[in-house]
Visitor: 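Take a look at this one; I'll ask things after.
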Amino acid sequence: MARVIGHIDLDYFYAQVEEVENPSIRDRPVVVCVFSGRTEDSGVVSTSNYNARAIGAKSGMPISAAKRILNGHNPVIIKMVHEKYEAVSGRVMGLVSERVDIFEKTGIDEAFFDITSSTGGDYTAAAKIARGIKDAIFQTEGLTSSVGIGRSKVVAKLGSDSAKPGGLMTILPDSTESFLGPLPVTKLYGVGPKTAAALEEIGIKSVQELSRSDVSLLERRLGRKLASYLVSAASGTDIDPVLANQPPTQFSRIVTLKRDTRNVTEAMEQLEEGIAAIGGRLANSGKSFRTVSVIGIQTDLSTKTKSKTFDIPVRDSALIKEHARVLISQLIKSTSKDLRRVGVRISELSDSTDQRTLAEFVKRKV
DNA sequence: TCGCCCTCCTC
DNA sequence: CCATGTGAGGGCGA
């Protein structure tokens, strides 16, 4: 029996949350921004509503550029408040998860679900469940969402994308090929500008062309993993299951510095809060980590990283700051450029058992 | 395996 | 002139 998988995506999420909070702005262009704090208007647009998009103000655009093109259109410029969206997201995801068999949140505004078992493979029943989910979210939170249903995660996600904004698209297993075939490869998750260019070089533009391509040629161009994923995705046969409660594998924080610098102390001062936040999340998760990395984004926007992996997992958050300082110092020594942004990450997370600190662990082990 | 880099995602 | 923040995953050389 074919699987029945759904993907739900909340429409222009942050901006829509702001509209719900203040309905009087609905008819105006709304842009939700991340202000970096470097100068008055430095930063980017995170999300914009459809009014703003129609004028050309889109995600990733510098705030100053968005303001320029929205000038005269009575725009609403809002500073992003992440915790607010997290709270809404949590409630919405609760509504979804209680209506499906398996629920997998994949972002603040999106999730996959599996309803194969409760529908018995019936796509009409599946559409009813999806409708119920959309209605519940709209009734309780006033938010519109888009849903796709299909036989794989890739198909479901492409379905929700096609259904945007506000729609529901069901792709029957038998229609999968005709749905996928005409789409450009750039619509596939995992195909960005670089991969699209590499595919185009070997004459592949559509998903249909991708599904019929020579796997070994793709492997040479794109690597083994990406090639096999793309071919299965393109044919709608990807078997990636919906998995509940996927734990995070890393915690990171990155900040834009007040000014470009190559002074370790100055960088550390501005990272202080981020490091504390990572420590908090670590403690909260009860996990241990094995790797500390620092990330430097240089004046020319190129990236450099330095990392340190311990022999055994540790959970002492003081180690994050201690090693971050050393790594940043090494990073700055390894380049002649100034740093514009700097970040810290802990990874190789594992469940803490009863170990406490590196010292204690070693003591006990010896 | 480690360290580093690249690519991508999405709001 | 302007270019955020978080996280996942893979390739590759040493």
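The chains referred to below are lettered A, B, ... by the order of the sequence lines, with proteins before strands, and numbering in each begins at 1. Computed from a predicted structure; not experimentally measured.
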Visitor: Can you tell which of dC8(B), dG3(B), dT6(C) lies closest to the side chain of Arg281(A)?
Guide: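 When the side chain of Arg281(A) is considered, dT6(C) is the closest of dC8(B), dG3(B), dT6(C).
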Visitor: With a non-hydrogen cut-off below 4.0 angstrom, is Ser347(A) in contact with a base, only sugar-phosphate, or nothing?
Guide: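 Touches nothing.
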Visitor: Does Lys187(A) reach a base, just sugar-phosphate, or nothing at all? Heavy atoms under 4.0 Å.
Guide: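 It contacts nothing in the nucleic acid.
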Visitor: Any side-chain N or O of Arg221(A) less than 4.0 Å from the OP1 or OP2 oxygen of dG11(C)?
Guide: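 Looking at the OP1 and OP2 atoms of dG11(C), neither is under 4.0 Å from any side-chain N or O of Arg221(A).
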Visitor: Between atom CZ in Arg341(A) and atom P in dA3(C), what is the gap in whole Å?
Guide: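 So the two atoms are 11 Å apart, to the nearest Å.
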Visitor: At a heavy-atom distance below 4.0 Å, what parts of residues 36-61 of chain A sit against DNA chain B?
Guide: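 Going residue by residue through residues 36-61 of chain A, the ones with a heavy atom under 4.0 Å of DNA chain B turn out to be Ser46(A), Thr47(A), Ser59(A).
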Visitor: I'd like the C1' distance from dT7(B) over to dT6(C), given in whole Å.
Guide: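 The answer is 15 Å between these two C1' atoms.
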Visitor: Could I get the full list of salt bridge (charged side-chain N to carboxylate O under 4.0 Å, His left out) partners for Asp311(A), not counting sequence neighbours?
Guide: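 Salt bridge (charged side-chain N to carboxylate O under 4.0 Å, His left out) check on Asp311(A) returns nothing, list empty.
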Visitor: Need one value for Leu349(A): base, sugar-phosphate or nothing, where a base atom within 4.0 Å counts as base even if backbone is also close, heavy atoms only.
Guide: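 No contact.
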Visitor: For DNA chain B, what string of dots and brackets results from 5' to 3' when Watson-Crick and G-U pairs need both distances under 3.5 Å, crossing pairs get [ ], and pairs with another strand get |?
Guide: ||||||||...
Visitor: Categorize Arg253(A) for me: base, sugar-phosphate, or nothing, with a 4.0 angstrom heavy-atom threshold over every strand shown.
Guide: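 Contact class for Arg253(A): sugar-phosphate only.
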Visitor: Please report the distance, rounded to the nearest Å, between CG in Leu257(A) and C1' in dT4(C).
Guide: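 Whole-Å distance recorded here is 13 Å.
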Visitor: Does atom CD of Glu40(A) have more than 12 heavy-atom neighbours, drawn from other residues, nucleotides or ligands, at distances under 6.0 Å?
Guide: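 No, CD of Glu40(A) has 12 or fewer neighbouring heavy atoms, counting only those of other groups under 6.0 Å.
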Visitor: Nearest to the side chain of Glu110(A) - dC11(B), dT10(B), dT7(B)?
Guide: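 The nucleotide sitting nearest to the side chain is dT10(B).
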Visitor: Assign the ring pair Tyr85(A) / Tyr14(A) to parallel, tilted or perpendicular, where the plane angle (0 to 90°) is split at 30° and 60°.
Guide: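 The rings of Tyr85(A) and Tyr14(A) lie parallel, inter-plane angle below 30°.
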Visitor: Once you apply a heavy-atom cut-off of 4.0 Å, does Val32(A) come out as touching a base, just sugar-phosphate, or nothing?
Guide: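 Counting heavy atoms under 4.0 Å across all strands, no contact is made by Val32(A).
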Visitor: Measure from the side-chain N and O atoms of Ser89(A) to the backbone N and O of Ile108(A), and report whether any donor-acceptor pair falls under 3.5 Å.
Guide: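 Side chain of Ser89(A) to backbone of Ile108(A), a donor-acceptor pair under 3.5 Å: yes, one is there.
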Visitor: Hey, are the side chains of Glu266(A) and Lys258(A) touching, using non-hydrogen atoms and a 4.5 Å cut-off?
Guide: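 No; the side chains remain at least 4.5 Å from each other.
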Visitor: Looking only at side-chain N and O atoms, does Lys306(A) come under 4.0 Å of OP1 or OP2 in dC4(B)?
Guide: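 Result: yes.
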Visitor: Between Phe251(A) and Arg224(A), who's closer to the 5' end of DNA chain C by nearest nucleotide?
Guide: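 The 5'-side residue here is Phe251(A).
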Visitor: Describe the nucleic acid contact of Gly192(A) in one word from base, sugar-phosphate, nothing, applying a heavy-atom distance below 4.0 Å.
Guide: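 Sugar-phosphate only.
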Visitor: Could you tell me the separation between the CZ atom of Arg26(A) and the CG atom of Asn51(A), rounded to the nearest 0.5 Å?
Guide: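 It comes to 10.5 Å.
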Visitor: Considering only atom C1', compute the distance from dC9(B) to dT4(C) and round it to an integer number of Å.
Guide: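 The same atom, C1', in both gives a distance of 14 Å.
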Visitor: From C-beta outward on Gln250(A), which listed nucleotide comes closest to its side chain: dT4(C), dT10(B), dG7(C)?
Guide: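 In terms of side-chain proximity for Gln250(A), the closest of dT4(C), dT10(B), dG7(C) is dG7(C).
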Visitor: Is Phe35(A) touching bases, backbone alone, or none of the nucleic acid, heavy atoms closer than 4.0 Å?
Guide: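 Phe35(A): no heavy atom of the nucleic acid under 4.0 Å.
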Visitor: Taking side chain to side chain donor-acceptor pair (under 3.5 Å) as the criterion, tell me which of Arg53(A), Glu18(A), Glu19(A) meets it with Tyr12(A).
Guide: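 Only one of Arg53(A), Glu18(A), Glu19(A) forms a side chain to side chain donor-acceptor pair (under 3.5 Å) with Tyr12(A), namely Glu19(A).
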Visitor: Give one of base, sugar-phosphate or nothing for Tyr85(A), where a contact means two heavy atoms less than 4.0 Å apart.
Guide: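 If one applies the 4.0 Å heavy-atom cut-off, Tyr85(A) turns out to touch nothing in the nucleic acid.
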Visitor: Assess the residue pair Ser293(A) and Thr305(A) against the criterion (side-chain contact (heavy atoms from CB on, under 4.5 Å)); give the C-alpha distance rounded to whole Å, side-chain angles, the decisive distance to 0.1 Å, and a yes or no.
Guide: CA-CA 7 Å; Ser293(A) 313; Thr305(A) 63; 5.6 Å; no
Visitor: Is any side-chain nitrogen or oxygen of Lys304(A) closer than 4.0 Å to OP1 or OP2 of dC5(B)?
Guide: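 Yes.
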Visitor: Considering only side-chain heavy atoms of Leu301(A), which listed nucleotide, dG11(C), dA3(C), dC2(C), is closest?
Guide: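 My answer, after comparing the listed nucleotides, is dA3(C).
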Visitor: Rounded to whole Å, please give me the gap between OH in Tyr14(A) and P in dC9(B).
Guide: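 For the pair Tyr14(A) OH and dC9(B) P, the rounded distance is 17 Å.
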Visitor: Nearest-nucleotide wise, let me know which of Gly223(A) and Thr249(A) is further upstream toward the 5' end of DNA chain C.
Guide: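 Counting from the 5' end, the first nearest nucleotide belongs to Thr249(A).
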Visitor: Ignoring backbone atoms, establish whether Ser252(A) has a side-chain N or O less than 4.0 Å from OP1 or OP2 of dG7(C).
Guide: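 Yes, Ser252(A) has a side-chain N/O under 4.0 Å of OP1/OP2 on dG7(C).
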Visitor: In whole Å, what is the span from the NZ atom of Lys105(A) to the P atom of dT10(B)?
Guide: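 Interatomic distance, NZ of Lys105(A) to P of dT10(B): 16 Å.
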Visitor: Quick one: is dC5(B) close enough that its OP1 or OP2 comes under 4.0 Å of any side-chain N or O from Thr305(A)?
Guide: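 Yes, Thr305(A) has a side-chain N/O under 4.0 Å of OP1/OP2 on dC5(B).
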Visitor: Looking at Asp9(A), Asp11(A), Asp161(A), which one forms a side chain to side chain donor-acceptor pair (under 3.5 Å) with Ser146(A)?
Guide: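 Answer after filtering Asp9(A), Asp11(A), Asp161(A): Asp11(A).
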Visitor: Compare side-chain N and O positions of Thr309(A) against OP1 and OP2 of dG3(B) and report whether any pair is under 4.0 Å apart.
Guide: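 So the side-chain polar atoms of Thr309(A) do come within 4.0 Å of the phosphate oxygens OP1 or OP2 of dG3(B), strictly under.
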Visitor: When Ile332(A) is tested against each of Arg262(A), Lys304(A), Lys306(A) for side chain to side chain contact (heavy atoms under 4.5 Å, CB included), which residue passes?
Guide: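 For Ile332(A), the side chain to side chain contact (heavy atoms under 4.5 Å, CB included) check succeeds only for Arg262(A).
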Visitor: Could you pull out the closest heavy-atom pair between Ala52(A) and Val30(A), with the gap in Å?
Guide: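 Scanning both residues completely, I find the closest heavy atoms to be CB-O, 3.8 Å.
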Visitor: What is the distance, to the nearest angstrom, from the NZ atom on Lys194(A) to the C1' atom on dG10(C)?
Guide: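 Those two atoms, NZ and C1', are 16 Å apart.
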Visitor: Are side-chain N/O atoms of Thr116(A) and Asp114(A) paired as donor and acceptor at under 3.5 Å?
Guide: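 Yes - a donor-acceptor pair under 3.5 Å links their side chains.
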Visitor: State which of dC11(B), dG11(C), dC8(B) makes the closest approach to the side chain of Asp9(A).
Guide: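 Closest nucleotide to the Asp9(A) side chain: dC11(B).
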Visitor: Of the nucleotides dC4(B), dG10(C), dC11(B), which has the atom closest to the Lys164(A) side chain?
Guide: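 Closest nucleotide among those given: dC11(B).
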Visitor: Give Lys157(A) one of three labels, base, sugar-phosphate or nothing, depending on what nucleic acid heavy atoms sit under 4.0 Å from its own.
Guide: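 Sugar-phosphate, no base atom in range.
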Visitor: Quickly work out the Arg290(A) CZ to dC2(B) C1' distance and round it to whole Å.
Guide: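 Distance, rounded to whole Å: 9 Å.
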Visitor: Can a cation-pi geometry be assigned to Lys157(A) and Tyr189(A), taking NZ or CZ under 6.0 Å from the six-membered ring centre and within 45° of the ring axis?
Guide: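 No, Lys157(A) and Tyr189(A) do not form such a contact.
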Visitor: Take the protein atom CD1 of Ile254(A) and the nucleotide atom C1' of dA3(C), then report the distance between them rounded to whole Å.
Guide: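 Atom CD1 in Ile254(A) sits about 13 Å away from atom C1' in dA3(C).
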Visitor: Side-chain N or O of Arg340(A) less than 4.0 angstrom from OP1 or OP2 on dA3(C)?
Guide: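 Yes, such a contact exists.
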Visitor: How many Å lie between NE2 on His82(A) and P on dG5(C), as a whole number?
Guide: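 Atom-to-atom, His82(A) to dG5(C), this comes out as 12 Å.
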Visitor: Report which part of the nucleic acid Arg68(A) touches: base, sugar-phosphate, or nothing (heavy-atom distance under 4.0 Å, all strands).
Guide: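 Nothing, no nucleic acid heavy atom in range.
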Visitor: Within the 4.0 Å heavy-atom criterion, would you say Ile108(A) contacts the bases, only the backbone, or no part of the nucleic acid?
Guide: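 The answer is nothing, as Ile108(A) stays clear of every strand by at least 4.0 Å.
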